[in-house]
**Student:** 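Have a look at the structure that comes next, please.
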Amino acid sequence: MWTCILMRKAFFNANMHLFPRLAGAPTYSLKSQMQNKISFTKKVQILCSPPQVRGISDFIQDGALPSSGAKSRKSKNSWSFPVLDGTIKMEQMDRTEANLRNSEACIQRYLELLGESHQREERDIIRHTQRHGKLLVRERLRLVLDDDDFFELSPLAGYDLPYGTISNAGCLTGIGKVCGIWCMLIANDATVKGGTMYPITVKKHLRAQAIATMNRLPTVYLVDSGGAFLPLQAEIFPDSCHGGRIFYNIAVMSSMKIPQVAVVCGSCIAGATYIPSIADESIIIDKIGSMFIAGPPLVKAATGENISVEELGGATLHSRISGGIDYVTSTEEEAYERTRHIVMTLKCEEPSKEPVGYDDPLYSPEELKALAPQNYECSLDVKLILSRLIDGSRFQEFKAEYGTTLVTGFAHVKGHLVGLVASNGELSYQASLKGSHFVRLCRHRNVPLLFLLNTVPQTSACTSPAQAEDLGRRCKAQACMMATIACAEVPKITLVIGGNFGNDSYAMCGRSFDPNFLFLWPNARVALVDYRSLTTDFLEGDEHFSMDKSTRKNLGKKLEKESSAFYSSARLWDDGVILPQRSREVALTLSLEEMTEQMPLQN
């Protein structure tokens with residue numbers, strides 16, 4: 001789908017140091033200004049995540065990734081280009097202090113929820129490991145992957161839903177390297193409701209398949225599922241976006257030459273049977289794995305016949321009689337080693353092993369906690385955030401004097417050239433035209449796009465012909481920007497750093513516009529309107545609309561709860577919450593590396 005970006009790598013690498021620096025003198029850094037007033041917290045430790053396999057949040061452990069003060073991997077000549085002032089002014093300290101307090105509270109809540117999502121009932125663990133003799137899902141992933149780095153997606157999915165909390169949505173999904181090849185891994189967790197599939201489980205499966213399709217990632221399924229949760233069958237079975245879509249996607253992805261590999265490492269009952277049946281290659285573990293539409297109890301009830309699991313759908317039956325399985329192994333360890341052997345046979349082009357040179361930002365990413373806006377009134381110039389995310393704080397700004405409420409330009413993130421589109425105020429008519437122009441440039445040059453989203457909440461209705469005219473022009477320009485983004489066949493990453501409200505979010509590549517990845521900072525808000533802007537004028541802009549104070553108050557509370565980053569992530573409206581100070585190392589770097597390595601396969 002995308003043309004090859006790596007063919008231009010030599011040009012990108014040779015010119016990556018020509019960009020002006022988005023930074024000021026290090027002595028004026030935010031940390032030095034605030035050291036007498038605020039002491040930054042130490043790096044947060046994840047207590048509940050198992051050490052074998054690391055998710056997005058697990059990268060925040062000490063020493064897991066290079067610090068902002070690390071020496072640059074490659075340093076070239078100093079260039080005397082104009083320098084943009086990226087420092088924090090003293091008069092902005094009140095806002096940064098408020099942002100920092102809010103960020104630390106949000107991070108603390110995030111870590112608490114993450115710890116809860118990793119907890120399992122002791123009886124479920126005992127049943128899984130001792131009674132059935134199976135490995136836990138994270139141990140399985142550790143045996144499949146090359147190393148411990150696992151880019152886990154949506155770890156909070158399934159939290160506090162109307163039908164209860166389904167930890168991790170009953171399955172783990174994420175990206176990791178198997179035999180040097182980036183793969184999508186989808187693994188059922190049978191310690192959560194016995195591996196039963198809930199509506200959120202199906203949604204998480206489908207999102208993982210969508211990411212694998214967009215990025216052409218070979219997909220490995222570790223299947224251990226009891227099928228659909230029958231009381232919620234109306235939300236799992238009948239519609240086009242329900243459970244059957246998983247099987248459809250496997251077939252379509254296979255036809256697109258995206259390899260599909262399945263391991264039956266437990267029970268595959270009812271619909272779960274179709275995953276290994278449709279996959280390109282499948283493995284079953286003897287005496288542990290089984291596949292059947294209906295189990296022995298139903299056979300007994302229907303026919304009166306007594307039949308064992310092995311006779312009905314064990315490894316021997318499917319490998320020798322039905323032919324539904326390609327490989328049989330005697331242990332789980334052997335099965336995952338065989339999975340690695342299968343991935344080794346895939347004809348994937350090896351990416352260049354030559355290290356890409358880059359410089360670290362001139363400002364510490366730890367300072368991003370004080371720049372993550374508590375609300376729109378606490379927002380600062382987005383260039384302050386960019387200077388702590390991009391290589392060497394160097395930024396080649398595009399149309400710097402036009403449409404200044406949108407910042408666009410080219411930069412590098414860990415050596416990868418990206419086009420940046422960042423909110424810096426209201427998405428005006430001029431800003432929308434500028435955004436359309438820049439996205440079109442990136443499309444023509446096959447440059448991945450990175451959107452930083454912080455939309456302005458609407459505070460009042462249109463009350464005059466002049467406002468109506470301005471709104472109409474702005475809507476038309478935004479529609480043009482939406483169309484340009486929708487048709488831009490380049491990788492896209494969206495990072496919500498503040499508000500994600502209303503129409504502006506569509507023009508900034510929100511979820512509806514299908515970015516390859518969409519992440520939130522813990523302080524982010526996602527809603528049609530900001531609950532803090534529910535003023536009387538806004539709600540009563542329509543003469544036919546009326547709302548008393550009590551109803552307005554209840555609506556505000558509802559919007560406050562439903563707009564939080566954690567509420568969004570629990571419902572898979574995004575691909576995960578990430579910490580501001582780890583955005584560069586975790587989400588942006590891994591996403592860009594994975595996407596650019598797969599682009600040669602998409603020609």
**Student:** Ignoring hydrogens, what is the shortest heavy-atom contact between Asp574 and Ser568? Give both atom names and the distance.
**Tutor:**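 Looks like OD2-OG, 2.7 Å.
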
**Student:** For Glu334 and Ser330, run side-chain hydrogen bond (donor to acceptor under 3.5 Å, both in side chains): C-alpha distance rounded to whole Å, both residues' side-chain angles, the deciding distance at 0.1 Å, then the answer.
**Tutor:** CA-CA 7 Å; Glu334 184 184 349; Ser330 57; 3.0 Å; yes

**Student:** Would you name the heavy atoms of Ala187 and Leu141 that are closest together and state the gap between them?
**Tutor:**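 Closest heavy-atom pair between Ala187 and Leu141: CB-CD2, 4.2 Å.
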
**Student:** Is a salt bridge present between Arg142 and Glu139, judged by a nitrogen-to-oxygen distance below 4.0 Å?
**Tutor:**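 No, this pair does not count.
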
**Student:** Applying side-chain contact (heavy atoms from CB on, under 4.5 Å) to Phe517 and Leu450, what does each step give before you reach the verdict?
**Tutor:** CA-CA 10 Å; Phe517 298 95; Leu450 171 59; over 6 Å; no

**Student:** Does the distance from a Lys or Arg side-chain N to an Asp or Glu carboxylate O, for Asp189 and Arg120, drop under 4.0 Å?
**Tutor:**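 Counted as a salt bridge, because a side-chain N and a carboxylate O are separated by less than 4.0 Å.
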
**Student:** Are the side chains of Leu232 and Tyr198 in contact, using a 4.5 Å heavy-atom criterion?
**Tutor:**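 With C-beta onward as the side chain, the pair touches.
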
**Student:** Is it true that a side-chain atom of Arg216 and a backbone atom of Met256 form a donor plus acceptor pair closer than 3.5 Å?
**Tutor:**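 Checking the backbone N and O of Met256 against the side chain of Arg216, a donor-acceptor pair under 3.5 Å is found.
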
**Student:** Looking at Phe237, I want to see if its CZ is surrounded by more than 12 non-hydrogen atoms of other residues, nucleotides or ligands under 6.0 Å.
**Tutor:**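 For Phe237, atom CZ is not crowded (no more than 12 foreign heavy atoms under 6.0 Å).
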
**Student:** Within this structure, what is the CG-OG distance for the pair Asn523 and Ser103, rounded to the nearest 0.5 Å?
**Tutor:**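 Reported to 0.5 Å precision, the distance equals 5.0 Å.
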
**Student:** What are the two closest non-hydrogen atoms of Thr201 and Ala169, and how far apart are they?
**Tutor:**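 What the structure gives for the nearest pair is OG1-O, 2.7 Å.
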
**Student:** Would you call Pro522 and Val577 a side-chain contact if the rule is heavy atoms closer than 4.5 Å?
**Tutor:**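 Side-chain contact under 4.5 Å: yes.
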
**Student:** Got a sec: does the OH of Tyr159 have more than 12 other heavy atoms crowding it under 6.0 Å?
**Tutor:**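 Correct, the count exceeds 12.
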
**Student:** Restricting to non-hydrogen atoms, name the atom on Asp280 and the atom on Pro259 that form the minimum distance, rounded to 0.1 Å.
**Tutor:**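 So the two residues come closest at OD2-CA, 3.5 Å.
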
**Student:** Measuring from atom CE of Met197 to atom SG of Cys171, what distance do you get when rounded to the nearest 0.5 angstrom?
**Tutor:**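 The distance works out to 7.0 Å.
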
**Student:** Could you walk me through whether Asn188 and Ser225 satisfy the side-chain hydrogen bond (donor to acceptor under 3.5 Å, both in side chains) test, starting with their C-alpha distance in whole Å, then the side-chain angles of each, then the deciding distance to 0.1 Å, before giving a yes or no?
**Tutor:** CA-CA 6 Å; Asn188 295 111; Ser225 173; 4.5 Å; no

**Student:** Return the minimal non-hydrogen interatomic distance between Asp286 and Ala315, and the atom names on each side.
**Tutor:**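 Shortest heavy-atom separation between Asp286 and Ala315 comes out as OD1-CB, 3.6 Å.
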
**Student:** When rounded to the nearest 0.5 angstrom, what is the spacing between CE in Met344 and CZ in Arg338?
**Tutor:**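 With rounding to 0.5 Å, CE (Met344) is 12.5 Å from CZ (Arg338).
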
**Student:** For Ser308, what residues pass the side chain to side chain donor-acceptor pair (under 3.5 Å) criterion, not counting sequence neighbours?
**Tutor:**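 Side chain to side chain donor-acceptor pair (under 3.5 Å) check on Ser308 returns Glu311.
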
**Student:** Check whether any side-chain N or O of Asn215 sits under 3.5 Å from a backbone N or O of Ile211 as a donor-acceptor pair, and report yes or no.
**Tutor:**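 Here the side-chain-to-backbone pair exists.
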
**Student:** Suppose we screen for side chain to side chain donor-acceptor pair (under 3.5 Å). Which residues come up paired with His205, at least two apart in sequence or across chains?
**Tutor:**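 Side chain to side chain donor-acceptor pair (under 3.5 Å) list for His205, sorted by chain: empty.
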
**Student:** Spell out, as yes or no, whether a donor-acceptor pair under 3.5 Å connects the side chain of Lys193 to the backbone of Gly170.
**Tutor:**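 Not at all, since once roles are kept as given, no pair shorter than 3.5 Å links the two residues.
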
**Student:** Might you point out which heavy atoms bring Cys241 and Leu206 nearest each other, and give the distance in Å?
**Tutor:**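 Nearest heavy atoms, Cys241 then Leu206: O-CD1, 3.1 Å.
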
**Student:** Should Leu217 and Cys183 be marked as a side-chain contact (heavy atoms from CB on, under 4.5 Å) after you check the CA-CA gap, both sets of side-chain angles, and the distance that decides it?
**Tutor:** CA-CA 5 Å; Leu217 296 173; Cys183 294; 5.8 Å; no

**Student:** Between Arg207 and Asp575, is the closest basic N to carboxylate O distance under 4.0 Å?
**Tutor:**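 Judged by the 4.0 Å cut-off on N to carboxylate O distance, Asp575 and Arg207 do form a salt bridge.
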
**Student:** side-chain contact (heavy atoms from CB on, under 4.5 Å), that's the test. Do Glu333 and Leu135 meet it? Break it down for me.
**Tutor:** CA-CA 9 Å; Glu333 290 80 0; Leu135 298 176; 4.0 Å; yes

**Student:** I'd like to know if Glu562 pairs up with Arg571 as an ion pair, taking the criterion as any Lys NZ or Arg NE/NH1/NH2 lying under 4.0 Å from an Asp or Glu carboxylate oxygen.
**Tutor:**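 Salt bridge between Glu562 and Arg571, a charged N being under 4.0 Å from a carboxylate O: no.
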
**Student:** Would you check if Ile200 and Tyr163 make a side-chain contact, meaning some heavy-atom pair closer than 4.5 Å?
**Tutor:**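 Yes, their side chains come closer than 4.5 Å.
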
**Student:** Is it the case that the side chain of Lys369 and the backbone of Gln581 share a donor-acceptor pair, with hydrogens and angles ignored and the cut-off at 3.5 Å?
**Tutor:**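 No, the answer is negative, given that no donor and acceptor are paired below the 3.5 Å cut-off.
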
**Student:** Ignoring hydrogens and angles, tell me if any N or O in the side chain of Thr329 forms a donor-acceptor pair with the backbone of Thr331 under 3.5 Å.
**Tutor:**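 Yes, because the side chain of Thr329 sits within donor-acceptor range (under 3.5 Å) of the backbone of Thr331.
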
**Student:** Are any of the side-chain nitrogens in Arg140 or Asp224 under 4.0 Å away from the carboxylate oxygens of its partner?
**Tutor:**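 Asp224 and Arg140: salt-bridged.
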
**Student:** Might you work through the side-chain contact (heavy atoms from CB on, under 4.5 Å) test for Val220 and Leu222, ending with a clear yes or no?
**Tutor:** CA-CA 7 Å; Val220 178; Leu222 306 184; 4.1 Å; yes

**Student:** Determine yes or no for a side-chain-to-main-chain donor-acceptor pair under 3.5 angstrom, with Glu281 supplying the side chain and Asp326 the backbone.
**Tutor:**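 No: the side chain of Glu281 does not pair with the backbone of Asp326.
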
**Student:** Do the non-hydrogen side-chain atoms of Glu332 and Ile288 ever get within less than 4.5 Å of each other?
**Tutor:**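 Side-chain contact under 4.5 Å: yes.
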
**Student:** Mind checking the CD-CD1 spacing from Glu337 to Ile283? Nearest 0.5 Å is all I need.
**Tutor:**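 The distance works out to 10.5 Å.
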
**Student:** Tell me whether Ser583 contacts the main-chain N or O of Pro580 through its side chain, where contact means a donor paired with an acceptor under 3.5 Å.
**Tutor:**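 Yes, Ser583 side chain to Pro580 backbone: donor-acceptor pair under 3.5 Å.
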
**Student:** How many angstroms lie between atom CZ of Phe151 and atom CG of Leu185, to the nearest 0.5 angstrom?
**Tutor:**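 Going from the CZ atom of Phe151 to the CG atom of Leu185 covers 13.5 Å.
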
**Student:** Less than 6.0 angstrom from the centroid, inside 45 degrees of the normal: does Arg340 satisfy that with respect to the ring of Tyr336?
**Tutor:**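 Negative - Arg340 is either too far from the ring of Tyr336 or too far off its axis.
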
**Student:** Test salt bridge (Lys or Arg N to Asp or Glu O under 4.0 Å) on Glu122 and Arg127 and set out the steps.
**Tutor:** CA-CA 9 Å; Glu122 185 177 357; Arg127 183 186 68 246; over 6 Å; no

**Student:** Heavy-atom distance under 4.5 Å between the side chains of Thr219 and Met253, does that happen here?
**Tutor:**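 Yes. Closest side-chain heavy atoms under 4.5 Å.
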
**Student:** Tell me, do Leu453 and Ile497 make a side-chain contact under 4.5 Å, heavy atoms counted?
**Tutor:**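 The answer is no, as the side chains (C-beta and beyond) never meet within the 4.5 Å cut-off.
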
**Student:** What's the separation between atom OG in Ser569 and atom CD1 in Ile578, rounded to the nearest 0.5 Å?
**Tutor:**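 Reported to 0.5 Å precision, the distance equals 10.5 Å.
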
**Student:** Spell out, as yes or no, whether a donor-acceptor pair under 3.5 Å connects the side chain of Asn516 to the backbone of Lys492.
**Tutor:**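 A pair under 3.5 Å: yes.
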
**Student:** Looking at His318 and Met291, would you say the former's side chain and the latter's main chain have a donor-acceptor pair under 3.5 Å?
**Tutor:**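 Yes; judged by distance alone, with no hydrogens or angles, the pair exists.
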
**Student:** Are Val137 and Thr191 side-chain neighbours, meaning at least one heavy-atom pair lies under 4.5 Å?
**Tutor:**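 Side-chain contact under 4.5 Å: no.
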
**Student:** Judged by atom type as modelled, is there a donor-acceptor pair below 3.5 Å linking the side chain of Thr196 to the main-chain atoms of Gly226?
**Tutor:**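 Here the side-chain-to-backbone pair does not exist.
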
**Student:** Measure the shortest side-chain to side-chain distance between Leu172 and Arg138 over non-hydrogen atoms and say whether it is less than 4.5 angstrom.
**Tutor:**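 In contact.
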
**Student:** Evaluate Arg123 against His128 for side-chain hydrogen bond (donor to acceptor under 3.5 Å, both in side chains), listing each step before the verdict.
**Tutor:** CA-CA 9 Å; Arg123 66 175 184 273; His128 184 85; over 6 Å; no

